[in-house]
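First comes the structure, then the notes that go with it.
These numbers come from a predicted model, not from an experiment. The sequence lines fix the lettering, A, B, ..., with proteins before strands; numbering per chain opens at 1.
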Amino acid sequence: MSTERGALALSEFPGPFDLQSTVESGQSYLWDRHDGLMYDESAVYGGDHWYETVVRVDHSGARATPAERWAEGEPVVVRVRQVDDRLEWESSIDPVPVLRERLRLDDDLPAIRAATPDDDLIERAFDAYWGMRLVDDPAVPCLVSFICSAQMRVGRIHGMQRELERAFGTTVEFDGRTYHAYPTAEQLAAATEAELRDLGLGYRAPYVLDTARMVADGEAHPEEAVGLDYEDARESLTRFVGVGDKVADCVALFSLDYLEAVPLDTWIRSTIEEYYPECDRGNYADTSRAIREAFGGEFAGYTQTYVFHYLR
DNA sequence: ACAGTGCCTAGTGT
DNA sequence: AACACTAGGCACT
């Protein structure tokens, strides 16, 4: 397959963009660094590293929903790096539409920031990583990777996803190397619990398996939450095994376009204790509403992601 | 509704 | 060296 190259002028999109903080902030576990130093603390921050992922896109346009595009499109490698105001890419297709979607390049970051409350911690967080975008990942890979995230560090979550790809994902040849797409629900459902445990998933193994079976059998699909009111969408996502409120919020925010979702993980909970004690209402749903308000409502998930990355 | 408890495991600290 | 503790929770009771 031939390698095409190109570049995207980031000045054509609203506000700044920073690739590294976007793909290495623990939102998405679907990207990898070409130099293999993903999440390497000693690596230089802000460097122009090449990042790679395998996407599935349907060129015919015949399939309407992202779920179908993901499930049925041919896997294709996309490699990208940022050099100042340019996003350079290498791929066997024109990846600009998919990059635009996945990296949320059309989000009006200055407008989003302007809509957040005037608050010292929030301002410092935005300043520290200004240009970081939310991601918009395919729903099933996002769901599975956040099921794996329970009580795990980002580096290990990332490593687990690479293991899942290597063990079960469709192979793709590109630029003289073999890549692996993220496994589909069907491919995961065909695995055994023992195989998943051998990859280091531990007690998450049956969760991933049961959830993959639910999707593969057509019993439920995470994208069925799209269009519901936010809290109903979160509730809907908890149908999947291994998915509680926190993981449901991650999927809502990082895949299903609910920018108001604020995943309450241990970091944000301790942040609430320290900076917003009045928002701690003792249970997930009420605390979620309170911190969502404190973080600016409509775009609270953006604020959360900046604050999380800043304090972590 | 809500609180308590067990669960896999690699890495870090003692 | 061996052991305790931790890490972006969840299911079950």
Next on the checklist: For C:dG9, does the base pair up with any side-chain atom of A:Y284 as donor and acceptor (N or O, under 3.5 Å, distance only)?
Outcome noted: no

Next on the checklist: Checking the side chain of A:Q161 only, and the main-chain atoms of A:I157 only, is there a donor and an acceptor separated by less than 3.5 Å?
Outcome noted: yes

Item to check | Pair of N/O donor and acceptor under 3.5 Å linking C:dG9 base with A:K246 side chain | outcome: no

Next on the checklist: What I'd like to find out is whether the side chain of A:D120 reaches to under 4.5 Å of the side chain of A:Y275, using heavy atoms alone.
Outcome noted: no

Next on the checklist: Can you measure A:W267 atom CH2 to C:dG9 atom P for me and round it to whole angstrom units?
Outcome noted: 11 Å

Item to check | Position toward the 5' end of DNA chain C (nearest nucleotide), A:V241 or A:F308 | outcome: A:F308

Checklist entry - To the nearest angstrom, how far is A:Y39 atom OH from C:dG8 atom P? => result 11 Å

Checklist outcome for this item: A:L196 CG to B:dT9 P, in whole Å, measures 12 Å

Checklist entry - Within the structure shown, what part of the strands sits under 4.0 Å from A:V247 by heavy-atom distance: base, sugar-phosphate, or nothing? => result sugar-phosphate

Item to check | Identified stems (criterion: three or more consecutive Watson-Crick or G-U pairs, under 3.5 Å), DNA chain B | outcome: B:3-7 with C:9-13, B:9-14 with C:2-7

Checklist entry - Rounded to whole angstrom units, what separation is found between the CD atom of A:Q27 and the C1' atom of C:dG8? => result 13 Å

Checklist entry - Taking the same atom, P, in C:dG8 and in B:dG13, what whole-Å distance lies between them? => result 14 Å

Next on the checklist: Once ring-ring contact (aromatic ring centres under 6.0 Å, His included) is applied, do any residues pair with A:Y179, and if so which ones, sequence neighbours excluded?
Outcome noted: none

Checklist entry - If you check the A:M152 side chain, which of C:dT6, B:dC8, C:dG9 turns out closest? => result B:dC8

Checklist entry - Contact class for A:G242 vs. all strands (heavy atom < 4.0 Å): base, sugar-phosphate, or nothing? => result sugar-phosphate

Next on the checklist: Keeping A:T271 on the side-chain end and A:W267 on the backbone end, is there a donor-acceptor pair under 3.5 Å?
Outcome noted: yes

Next on the checklist: Whether the side chain of A:T22 engages the backbone of A:R133 through a donor-acceptor N/O pair (distance < 3.5 Å, no angle test) should be reported.
Outcome noted: yes

Checklist outcome for this item: Regarding the side chain of A:Y207, the nearest nucleotide among C:dC10, C:dG8, C:dA7 is C:dC10

Next on the checklist: Over all strands shown, is A:T271 touching base, sugar-phosphate only, or nothing at heavy-atom distances under 4.0 angstrom?
Outcome noted: nothing

Checklist entry - Rounding to a whole Å, what distance do you find between A:R281:CZ and B:dC2:C1'? => result 18 Å

Next on the checklist: Could you tell me how far apart A:L237 (CG) and C:dC10 (P) are, to the nearest whole angstrom?
Outcome noted: 12 Å

Checklist entry - Checking A:T171 side chain against A:T178 main chain: does a donor-acceptor pair fall under 3.5 Å? => result no

Next on the checklist: In whole Å, measure the gap between the P atoms of B:dT5 and C:dC5 for me.
Outcome noted: 16 Å

Item to check | Ring centroid separation A:Y306 to A:F126 under 6.0 Å | outcome: yes

Next on the checklist: Can you identify which nucleotide, out of C:dC10, C:dG8, B:dA10, has its nearest atom closest to the A:R156 side chain?
Outcome noted: B:dA10

Checklist entry - Is it true that a side-chain atom of A:S255 and a backbone atom of A:A252 form a donor plus acceptor pair closer than 3.5 Å? => result no

Checklist entry - For A:Y203 and B:dT9, what is the distance between atoms OH and P respectively, to the nearest whole Å? => result 11 Å

Checklist entry - Does a side-chain N or O from A:T266 land closer than 4.0 Å to OP1 or OP2 of C:dG9, or not? => result yes

Item to check | Polar pair under 3.5 Å, donor/acceptor by atom type, side chain A:R204, base B:dC8 | outcome: yes

Checklist entry - Does A:V243 or A:C250 map to a spot on DNA chain C nearer the 5' end, using the closest nucleotide for each? => result A:C250

Checklist outcome for this item: note: A:N283, atom CG; B:dG4, atom C1'; distance rounded to Å ~ 17 Å

